Protein chains: 2
Amino acid sequence: MVSLNDVAKTAHVSKMTVSRVLNHPELVSLEIQEDVQQAILELGYVQNRAGRALANKRHYNIAFVLLDDIAEIEPYYAHLLIHLTDALRHHGYTLEVRHDREFDLTNVDAFLVSGARRSDIEALHLPVPVVIYGMEPGLISVDSDNAVGTAMATEYLINHGFEHVMYLGLAINEPFALNRETGYRQTMLKYGLPIEAYELPNNECAATELITLINPAPGTGIVTATDRLALGAIRASQALGLSFPNEIGIIGFDGIYIHKLSSPTLTTIQQPLGVIANTMVKLLMAQLNGETVASELITPTLVIGNSTP
Amino acid sequence: MVSLNDVAKTAHVSKMTVSRVLNHPELVSLEIQEDVQQAILELGYVQNRAGRALANKRHYNIAFVLLDDIAEIEPYYAHLLIHLTDALRHHGYTLEVRHDREFDLTNVDAFLVSGARRSDIEALHLPVPVVIYGMEPGLISVDSDNAVGTAMATEYLINHGFEHVMYLGLAINEPFALNRETGYRQTMLKYGLPIEAYELPNNECAATELITLINPAPGTGIVTATDRLALGAIRASQALGLSFPNEIGIIGFDGIYIHKLSSPTLTTIQQPLGVIANTMVKLLMAQLNGETVASELITPTLVIGNSTP
DNA sequence: TTGTACGCGTTATCAG
DNA sequence: CTGATAACGCGTACAA
């Protein structure tokens, strides 16, 4: 294993100088910086995290806590995980995945949390930095701008000639669900259109049953709170003989995986997981550096499929 | 931070004794062991991984390399990841997720690899232990017993009165795909039934088109190589007016997520990811301890849904 | 059976 | 601007 000392010898300097070139290059003369960089390349040196960790009293390891029921884990977590790991690696950190509510501080510098419910937030006041995926008032969080997302969806349907736009929401009292519904309602108000909103559990069958019961007239648009609900709405519409995308238009929310499985493919409000992951890591690193940070909202993207014009 | 030294002081021994209690308790008298354990509990001591890593010239970090295209990532990777992380943590190891073909050895003791294709295997002869998810002859791997899985599925359909059982396989030349087809073929031969096998790309639409074209007679059973193909077969069967589970029966393969989304829910051969993860970690740890190990096959489980009797 | 001395790779501190 | 020294927490080798 190539160590600082090896580099120091071939560059004919002390190992402290090498360390400084890596961490505080502004304190080293340009000449020597070049010699050292040369030696680093020659020997293929890479910093040893254990050594840094010991010297800096850090662990260079972040816990990602997944609080959703493991049976319910949405596929987009695999994506989020990969994006987070990439972002953290750029800072020399490792990601450790967990799925319990212990928040064990062992060998960890900070926490990233996903799927937290209201009942978890007391446990989230920890002596180390925490960044949450999903809005949590009073805590540092990153989230898609849910209201803007459904507003975009609603407006898109209105502008594409659907005279009647309804909303399939979630029957849970969580901020993201409320915000998604708000986006729909405000847009309808803005256009002076009548609001028709329902709240369901997040499963396909619930949506299928409801839409079948309602039997929407041709020209109806449906904005849903999740791609899963949209899938159910699509199925029901097909059974009712409504044809996409002229007689009926449906827009989902999430856009990670499910929307590609459906036929027709689903138009959806896509959460930009790469941006979300980078933002979460940015806020975490800032906190680790002692800076004060504020929560951020990320604007989602409308991805057009065949369930709308 | 509580260190070995702190424990040593409150237990009135040297820190080496504490270290021994943790790593080689058989070398310490019972009396002192108890004192030390007491002190550990009192102070809430936990080993510092960086210290261990430095002393042991290890990193206590394993790279998980995900070689599938990120856009194609199947939801079960999220589950596999969590199971792997759990298993590794019991050994004091961390999991680092990667998705490039670099196999960068930096700060890593070994590799776990998933989604490797034939073309990757040269790159997999590394100077550190490697365990692969998915059978790779000549390398250490853990895989579901694919042939047994499709054999179970085929036999189940035969035994539930389906007179004609066909197979929807994958048109790729990878061992897992070949083995799944073999399980079907051998079972059909065993029962003296005629073989009818097709090979498709792994997407729902391909399966839908094929089944629509074939227009299977009532009494047909379909074994598929993946849940995605099964989803397509379900959709086509419904369009053809065949009713589940009497006129037609369909069994998928994977059983992580998709099978719950379909209606009817899908009977599937479920890969036991927890067992697979534990086995992978077991083989990895054995290799890190210098032992010689052999690949293992894990028997999958038949999970009954509503797409079969 | 227990303790002492040293080294692992890195960085902060202080001296030059 | 650069170097020597000590320290981080732990484990091996050796001594007692």
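Note that the structure is a prediction, hence the values are computed from the model and not measured. Within every chain, numbering begins at 1; the chains are lettered A, B, ... in the order of the sequence lines, protein sequences first and strands thereafter.
- Straight-line distance from the CG atom of Leu22(B) to the P atom of dG9(D): 15 Å, rounded to whole Å.
- Proximity of Gln33(A) to the phosphate of dC1(D): no side-chain N or O atom is located under 4.0 Å from OP1 or OP2.
- For Ser3(B), the listed nucleotide lying nearest its side chain is dC10(D); candidates were dA13(D), dC10(D), dT13(C).
- Only one option out of Thr94(A), Leu54(A), Asn61(A) pairs with Arg49(A) in a side chain to side chain contact (heavy atoms under 4.5 Å, CB included); it is Thr94(A).
- Cation-pi geometry between Arg98(A) and Phe64(A) is not met: the NZ or CZ atom fails to fall both under 6.0 Å from the ring centre and inside 45° of the normal.
- As judged by a 4.0 angstrom heavy-atom cut-off over every strand, Asn5(B) is placed among residues making no nucleic acid contact.
- On a pure distance criterion of 3.5 Å, a polar donor-acceptor pair joins the side chain of Arg20(B) and the base of dG3(C).
- For Ser19(A) and dT11(C), the shortest distance from a side-chain N or O to OP1 or OP2 is below 4.0 Å.
- The listed nucleotides are dC8(C), dG11(D), dT2(C); the one nearest the side chain of Arg52(B) is dG11(D).
- Minimum interatomic distance between Glu136(A) and Ser141(A) (heavy atoms only, all atoms of both residues): N-OG, 3.5 Å.
- Looking only at distances, a side-chain donor or acceptor of Asn107(B) sits under 3.5 Å from a matching main-chain atom of Gln47(A).
- The CE atom of Met16(B) sits 15 Å away from the P atom of dT1(C) (whole-angstrom rounding).
- Rounded to whole Å, the distance from CE on Met1(A) to C1' on dG7(C) is 14 Å.
- Protein atom CG of Leu54(A) is 13 Å distant from nucleotide atom C1' of dA12(C), rounded to whole Å.
- Computed from coordinates, the Lys15(B) NZ to dA7(D) P distance equals 12 Å when rounded to whole Å.
- Side-chain N/O atoms of His24(B) include none lying less than 4.0 angstrom from OP1 or OP2 on dG11(D).
- One atom, CG of Leu4(B), and another, P of dG7(C), lie 19 Å apart when rounded to the nearest Å.
- Distance, Leu27(B) CG to dT2(C) C1': 11 Å, rounded to whole Å.
- One interatomic measurement links the two molecules: CD1 of Ile32(B) to C1' of dG3(C), which rounds to 11 Å at whole-angstrom precision.
- In this structure, Tyr60(B) does not reach the dG11(D) phosphate: none of its side-chain N or O atoms is under 4.0 Å from OP1 or OP2.
- In this structure, Asn48(A) does not reach the dT10(C) phosphate: none of its side-chain N or O atoms is under 4.0 Å from OP1 or OP2.
- Put simply, the side chain of Gln33(A) never gets that close to the backbone of Val21(A): no donor and acceptor are under 3.5 Å apart.
- Phosphate contact (OP1/OP2 of dG3(D), side-chain N/O of Thr17(A), threshold under 4.0 Å): present.
- When distances run from any side-chain atom of Asn56(B) to the nucleotides dT12(D), dT10(C), dG3(D), the shortest one goes to dT12(D).
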